[in-house]
Amino acid sequence: MEDTNQLIEQRRANLAALAEAGIDPFANKFTPSETCGAAKANYEEERLVAVAGRLVSKREMGKTIFAHIKDTSGSIQLFIRKNDVGEEAFKIFKGLDLADFVGANGALFTTKTGEISVKVTDYVVLAKSLRPPPDKWHGLADQELRYRQRYLDLIANDKVRDTFLKRSTIIREIRNFLNERGYVEVETPIMQAIPGGAAARPFVTHHNTFGRDFFMRIALELYLKRLLVGGIDRVFEIGRNFRNEGISRRHNPEFTMLEAYEAYGDYETMMELLQSMICHVSEKVLGTMVIEQKDEEGNVTKTIDLTPDWRRAKYKDLVREKAGNDWFELTTEQRRARATEELKIEVDPEEADFEVTNAVFEKLIEPTLIQPTFVTHLPKELVPLAKLSPEDPDCVEVFECCINGQEIAPAYTEQNNPIEQRERLEQQAGGEQQKLDEDFLVALEHGMPPAGGIGIGIDRLCIMLLGQESIRDVILFPQLKPREE
RNA sequence: GCCUCGGUAGCUCAAUGGUAGAGCAGUUGACUCUUAAUCAAUUGGUUGGGGGUUCGAGUCCCUCCCGGGGUACCA
């Protein structure tokens, strides 16, 4: 970046002054004895510590300086006196800028106002910051800057940092939970010749040596099922999917998906798995099963209670509740009329009956399912990769788990009949000339054990657990339009 | 893609069509227990870009760029 201003010039001048004084402003190494947070947590008067971090505040009091440095664990106050560090070192500390990195040696003590601090005996400049940090009090509010320069957001806004540290522990606890149950974690191809497992437009990329296009995966499903065929009976992957669609508060073109498959299980198995997993994660990460979403003033705007057992509701019952008890007895024309006139939703004249019904579900019902709800008995037309329900052949053995008004996870009793599977996929491909994944169908013909499978949108799960409102607030670097030079 | 709101100093924000401002940060000085330290002085602007209306535009109009919200696409 070419842009310079007074503040940057000043910092460059301060950098030059350090060099002038014979100090390397970018040290190679400093080894802290512990983190800032640990130094405070294990307080013992006079205990010697070495701490390092970014300089986040500095108050000069004549021959004394109070300053805070901050690392991942938190911050600690440094107490620097001219008498303790010597005239030259004192002068140089005075010349440090906010956001510089510093390592300090000294003894722990408590100030008169009761704050645990380090009485510095000597310190090292670890890295000079050549650009001014965001406002120390107001933080960084400009959303575009927060996303484009997330590191500034993390520096300036503790809540944001906390959210992303928690996201990391959520994923760790999911892994722990699945490992505990004997699941094997695998990695499958991201670049695929035929993108399958979902109906979404893929991103296209190109392989030079093969001289042909590849697609970024839109789902993990078909490869994980090949592994069920291969004898890995409990298998999961946490990875990125890519869908070439619009961007919104709920959609990022690349997003993180967990898919898990369990041989000899069915959708009921996955129901228990999901409920136990989310309760485990919530307890471990948040210490509670009651999630509160707060507005900027800290008022609770939404409460989600994850305490088991979660509600179960049949798809058709929910639709009848919203659209009328006679909904499924209506003629196609009557149904369409009611949807547009009474329910005020847009309906494409080309849409089939089940699509009109599903529009009612997605637009009017799903957003109201704030508390965890397993929606079951979905119509078979909606789900080509699941098995039919023996008790009701119009339905599939599937649930969609909705929490916070969003679909968090669909789960199936997976289709393992290769002949039916081929028919369903051929129907689905229909006129679109979409290629069938023959290799997958061949795999099924070798025999896949009956299995339950589930897909969990990790980003949406994080939105829910962490009380956020937008997917951009749980993805470190959400997709934005590139800035043209 | 469409609708709508927004973009002013490094950051957070003001400014009826009439001299572009404040707080923080920065700079200089004072202060050996401060913590949004305090006190005094002070620097800093192509008002997102381009065009237009006007005696005069941050403000009105057109256009482009970027972002927020909504909507569409998304088994």
Side-chain angles (χ1 to χ4, degrees), chain A residues 3-11 13-14 56-68 75-84 90 95 97-99 109-115 117 119 129-149 152-153 155-157 196-202 218-219 241-253 255 345-346 348 351-352 354-355 358 362-363 378-386 396 398 400 407 410 412 424-425 427-430 432 434 469-470 472 478 480-485:
Chain A
D3 64 326
T4 54
N5 62 41
Q6 196 185 15
L7 296 174
I8 292 173
E9 280 167 21
Q10 182 62 45
R11 280 170 182 259
N14 294 344
V56 291
S57 73
K58 190 169 68 144
R59 295 172 293 283
E60 294 177 28
M61 297 273 310
K63 297 186 178 64
T64 304
I65 299 171
F66 290 91
H68 278 94
S75 63
I76 192 165
Q77 181 168 258
L78 303 182
F79 178 72
I80 301 107
R81 286 192 303 194
K82 197 178 213 172
N83 293 0
D84 294 335
F90 187 78
D97 290 306
L98 288 186
F109 78 110
T110 307
T111 63
K112 281 180 186 166
T113 50
E115 177 162 355
S117 306
K119 190 178 288 180
S129 166
L130 295 178
R131 286 171 184 267
D135 188 286
K136 67 176 175 182
W137 186 244
H138 297 98
L140 188 67
D142 183 309
Q143 301 225 33
E144 189 175 353
L145 275 184
R146 288 187 44 219
Y147 298 145
R148 284 193 198 279
Q149 294 178 273
L152 294 179
D153 194 25
I155 290 168
N157 300 324
R201 274 182 297 170
I218 55 175
N241 281 347
F242 306 83
R243 296 188 183 176
N244 210 337
E245 294 157 4
I247 295 176
S248 79
R249 287 208 304 180
R250 280 158 243 99
H251 302 261
N252 196 62
F255 61 99
I345 54 177
E346 286 176 37
D348 189 320
E351 278 179 10
F354 77 91
E355 289 173 306
N358 201 45
E362 284 184 358
K363 288 182 184 158
L378 273 73
K380 62 182 180 189
E381 293 86 353
L382 285 175
V383 191
L385 291 163
V396 278
V398 163
E400 284 192 356
E407 183 193 329
Y412 310 161
R424 303 298 283 278
L425 287 178
Q427 267 172 16
Q428 185 200 336
E432 293 177 31
Q434 188 186 339
E469 287 181 356
S470 168
R472 295 186 197 95
L480 297 181
K481 219 164 173 173
R483 275 262 152 99
E484 304 296 335
E485 270 308 301

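Numbered from 1 within each chain, the chains take letters A, B, ... in sequence-line order.
Straight-line distance from the CG atom of A/Asn14 to the P atom of B/U28: 8 Å, rounded to whole Å. A/Asp153 places its CG atom 11 Å from the P atom of B/U12, with the value rounded to the nearest Å. If you take NE2 of A/His138 and P of B/U12, they are 10 Å apart, rounded to a whole angstrom. If you take CZ of A/Arg250 and P of B/G70, they are 6 Å apart, rounded to a whole angstrom.
Judged by distance alone with a 3.5 Å cut-off, a donor-acceptor contact links the side chain of A/Gln77 to the base of B/U34. For A/Asp142 and B/G7, a side-chain-to-base donor-acceptor distance below 3.5 Å is absent, hydrogens and geometry of angles not being considered. Side-chain to base pairing of A/Ser248 with B/U71: no donor and acceptor N or O lie closer than 3.5 Å to each other. One donor-acceptor pair, N or O on each side, does fall under 3.5 Å between the base of B/U43 and the side chain of A/Gln6.
Under the Watson-Crick or G-U wobble criterion, with both distances below 3.5 Å, B/A57 has no partner in any strand shown. Base pairing analysis places B/C2 opposite B/G70; the two distances defining the Watson-Crick or G-U wobble pair are each below 3.5 Å. Within the shown strands, B/U12 is the pairing partner of B/A22 under the Watson-Crick or G-U definition, both distances less than 3.5 Å.
Between A/Lys363 and the phosphate of B/A72, there is a side-chain N or O to OP1/OP2 separation shorter than 4.0 Å.
To the nearest whole angstrom, the two C1' atoms, one in B/G69 and one in B/U53, are 32 Å apart. B/G21 and B/A9 have their C1' atoms separated by 10 Å, with the value rounded to a whole Å. To the nearest whole angstrom, the two P atoms, one in B/G58 and one in B/C74, are 46 Å apart. B/G23 and B/U19: their C1' atoms are spaced 22 Å apart (whole Å). Separating the C1' atom of B/U34 from that of B/A22 is a span of 26 Å, rounded to the nearest Å. The separation of B/U59 from B/U46, taken at their P atoms, amounts to 16 Å, rounded to a whole angstrom. Rounded to the nearest Å, the gap between the C1' atom of B/U47 and that of B/A57 is 11 Å. For the P atom pair drawn from B/G6 and B/C13, the interatomic distance equals 15 Å after rounding to whole Å.
Closest to the A/Ala141 side chain, of the nucleotides B/C73, B/C13, B/G23, is B/C13. Among B/A75, B/A72, B/A25, the nucleotide with an atom closest to any side-chain atom of A/Leu385 is B/A75. The side chain of A/Arg59 has B/U34 as its nearest neighbour among B/G67, B/U32, B/U34. Here the side chain of A/Glu60 is nearest to one of B/G26, B/G23, B/C31, namely B/C31.
Both A/Lys112 and A/Leu145 lie close to RNA chain B; mapped to their nearest nucleotides by heavy-atom distance, the more 5′-ward contact belongs to A/Leu145. Along RNA chain B, the nucleotide closest to A/Ser57 and the one closest to A/Ile247 are compared, and the more 5′ of them pairs with A/Ser57.
As judged by a 4.0 angstrom heavy-atom cut-off over every strand, A/Thr111 is placed among the base-contacting residues. Within the nucleic acid shown, A/Arg472 comes within 4.0 Å of sugar-phosphate atoms alone, with no base atom in reach, counting heavy atoms only. Residue contacts shown for A/Lys119 are absent, as no nucleic acid heavy atom lies under 4.0 Å away. Across all strands shown, A/Ile65 has no heavy atoms under 4.0 Å from either base or sugar-phosphate atoms. Residue A/Leu152 is out of contact with every strand shown, counting any heavy-atom pair closer than 4.0 Å. Nucleic acid contact for A/Arg11: none, since no nucleic acid atom lies under 4.0 Å from a heavy atom of the residue. Residue contacts for A/Glu355: at a heavy-atom cut-off of 4.0 Å it reaches no nucleic acid atom on any strand shown. At a threshold of 4.0 angstrom between heavy atoms, the contacts of A/Leu140 are confined to the sugar-phosphate backbone, with no base atom among them.
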